[in-house]
**Student:** 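Handing you this structure, nothing more for now.
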Amino acid sequence: MDSDGLMEFERHRPRLFALAYRMLGSASEAEDAVQESYLRWDATARDDIRSPEAWLTTVVVNQCRTWLDSARARRETYVGPWLPEPVPTAHGELGPLESAEQRELVSIAFLTLLERLTAAERAVFVLREAFGYAHKEIADMLDLTEANSQQLYRRAAQRVRMDRPRFDPAPAHARALLDKFLTAARSGDVAGLEAMFTSDITSTADGGANVRAARRAVEGANKVARYLIWLFTHQVDGLEITIEEVNGAPAIVARVHGTPILVAAIETTNDLLHTLHLQVNPDKLALFRRAEAPGT
């Protein structure tokens, strides 16, 4: 590829990854979608392209639509609960996350909700909500009518609205809650943990076929407290637990000798934790490993 074409593509790469990730809920698949767009960009007569941004966005979002259909079939045979792949976001990996609305749209909770949408609904919703495209632009990208785009958006918004994540605290307050949570969990304080939970709290772990994890959500304050104490009080050589920004919010990251083994995201209401999402599938922590590798 000529240098001008490469520079133009690299200018759009971060945004393309952010778009593909919101579409797919998978960092590895998002990287593949961006790479596919690079190959198509390289093979195209670019003098005829009036807007590289629109062209590349169209390629990526339609590639993601195709992959979502096959991903849905794969997830039907997935071992245990399926959760999105977490992404470290302290360095802008998913673009600007300055407002509560921007952070919500990349939260593990919200990406999980998007799984209930069709590929077309998810494409329209992401392009409209996360990137602010007009329905006319979306219709052109997805080969729809403007009215169809509006209809898909209304349907998608309705399907996620009822279970939309409850209001979460500001990042600084969420970090303080996690500090308190970790102190109680690592000291074996069942009562202390229960006092931080809603009575109907659930904890869901995604281990895939690679790691032994609870195959069903653990429910109820006492059961979740005892489960987490069992998890966090295991004596493991080289274990380090930190609180870091993941998907726009503070989350717990556990490493053994520097290798990430767990990322735990939370949802809260009225200063109480009501949902925990535990990602322990090593395939889904690959982005964390690469981010910490020498030279990256």
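Side-chain atoms are counted along with the backbone in the values below, which use heavy atoms only and exclude waters and symmetry mates. Bear in mind the structure is a predicted one, so any value in this text is a computation, not a measurement.
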**Student:** For the CD1 atom of Ile252 and the OG1 atom of Thr242, what is their distance to the nearest 0.5 Å?
**Tutor:** 9.5 Å

**Student:** To the nearest 0.5 angstrom, please state how far the CG atom of Asp206 sits from the CH2 atom of Trp82.
**Tutor:** 8.0 Å

**Student:** Whether the side chain of Arg122 engages the backbone of Arg22 through a donor-acceptor N/O pair (distance < 3.5 Å, no angle test) should be reported.
**Tutor:**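 Present.
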
**Student:** Under 4.0 Å between a Lys/Arg side-chain N and an Asp/Glu carboxylate O for Glu244 and Arg255?
**Tutor:**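 Here Glu244 pairs with Arg255 in a salt bridge, since their nearest N and O are under 4.0 Å apart.
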
**Student:** Is the closest side-chain donor-acceptor distance between Asn281 and Tyr78 under 3.5 Å?
**Tutor:** yes

**Student:** Would a distance-only check, ignoring hydrogens and angles, find a side-chain to backbone donor-acceptor pair under 3.5 Å from Ser107 to Phe110?
**Tutor:**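 Yes; at least one donor-acceptor contact below 3.5 Å.
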
**Student:** Can a side-chain donor-acceptor contact be found between His277 and Glu267 if the only test is distance below 3.5 angstrom?
**Tutor:**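 Glu267 vs His277: donor-acceptor pair found between side chains.
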
**Student:** Parallel, tilted or perpendicular: which describes the rings of Phe125 and Tyr153, with under 30° parallel and over 60° perpendicular?
**Tutor:** parallel

**Student:** Would the distance check show the side chain of Glu115 and the main-chain N or O of Leu113 forming a donor-acceptor pair, the cut-off being under 3.5 Å?
**Tutor:** no

**Student:** Is any side-chain heavy atom of Leu231 closer than 4.5 Å to a side-chain heavy atom of Leu262?
**Tutor:**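 Leu231 reaches Leu262 side chain to side chain.
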
**Student:** Can you list every side-chain hydrogen bond (donor to acceptor under 3.5 Å, both in side chains) pair that touches residues 24-36, not counting sequence neighbours?
**Tutor:** Ser26-Ser28, Ser26-Glu85, Ser28-Glu85, Glu29-Arg74, Glu31-Arg290, Glu36-Arg40

**Student:** What residue pairs, at least two apart or across chains, pass side-chain hydrogen bond (donor to acceptor under 3.5 Å, both in side chains) with a residue in residues 220-232?
**Tutor:** Glu194-Asn222, Asn222-Arg226

**Student:** The test is salt bridge (charged side-chain N to carboxylate O under 4.0 Å, His left out); show your working for Asp140 and Lys136 and say whether it passes.
**Tutor:** CA-CA 6 Å; Asp140 290 342; Lys136 175 64 170 65; 2.9 Å; yes

**Student:** Among side-chain atoms of Tyr21 and Asn247, is any donor-acceptor pair under 3.5 angstrom?
**Tutor:** yes

**Student:** State whether the side chain of Asn62 and the backbone N or O of Thr58 hold a donor-acceptor pair below 3.5 Å, judged by distance alone.
**Tutor:**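 Side chain of Asn62 to backbone of Thr58: a pair is present.
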
**Student:** Can you find a pair of side-chain heavy atoms, one from Pro260 and one from Arg289, that are under 4.5 Å apart?
**Tutor:**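 Result yes, sub-4.5 Å side-chain heavy-atom pair found.
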
**Student:** Where the side chain of Arg65 meets the backbone of Ala119, is there a donor-acceptor pair that is under 3.5 Å apart?
**Tutor:**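 Side chain of Arg65 to backbone of Ala119: no pair is present.
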
**Student:** Does the Asn270 side chain pair with the main chain of Leu272, one donor and one acceptor, at a distance under 3.5 Å?
**Tutor:**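 Checking the backbone N and O of Leu272 against the side chain of Asn270, no donor-acceptor pair under 3.5 Å is found.
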
**Student:** Taking all non-hydrogen atoms of both residues, which atom of Asp237 and which atom of Val256 are closest, and how far apart?
**Tutor:** O-CG1, 3.5 Å

**Student:** Are the side chain of Gln158 and the backbone N or O of Arg155 linked by a donor-acceptor pair below 3.5 Å?
**Tutor:** no

**Student:** Check for a donor-acceptor pair, side chain of Arg103 on one end and backbone N or O of Ala249 on the other, with a separation under 3.5 Å.
**Tutor:** no

**Student:** Would a distance-only check, ignoring hydrogens and angles, find a side-chain to backbone donor-acceptor pair under 3.5 Å from Gln102 to Glu98?
**Tutor:** yes

**Student:** Just jot down the salt bridge (Lys or Arg N to Asp or Glu O under 4.0 Å) partners of Asp2, sequence neighbours excluded, or say none.
**Tutor:** Arg46

**Student:** If you define the side chain from C-beta out and look only at heavy atoms, does anything of Leu142 sit under 4.5 Å from Ser149?
**Tutor:** no

**Student:** Could you check, using the six-membered ring where one of them is a Trp, whether Phe197 and His274 have ring centers closer than 6.0 angstrom?
**Tutor:** no

**Student:** Heavy atoms, side chains only, cut-off 4.5 Å: are Ile201 and Leu273 in contact?
**Tutor:** yes

**Student:** Would a distance-only check, ignoring hydrogens and angles, find a side-chain to backbone donor-acceptor pair under 3.5 Å from Glu129 to Val126?
**Tutor:**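 Checked: no pair found.
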
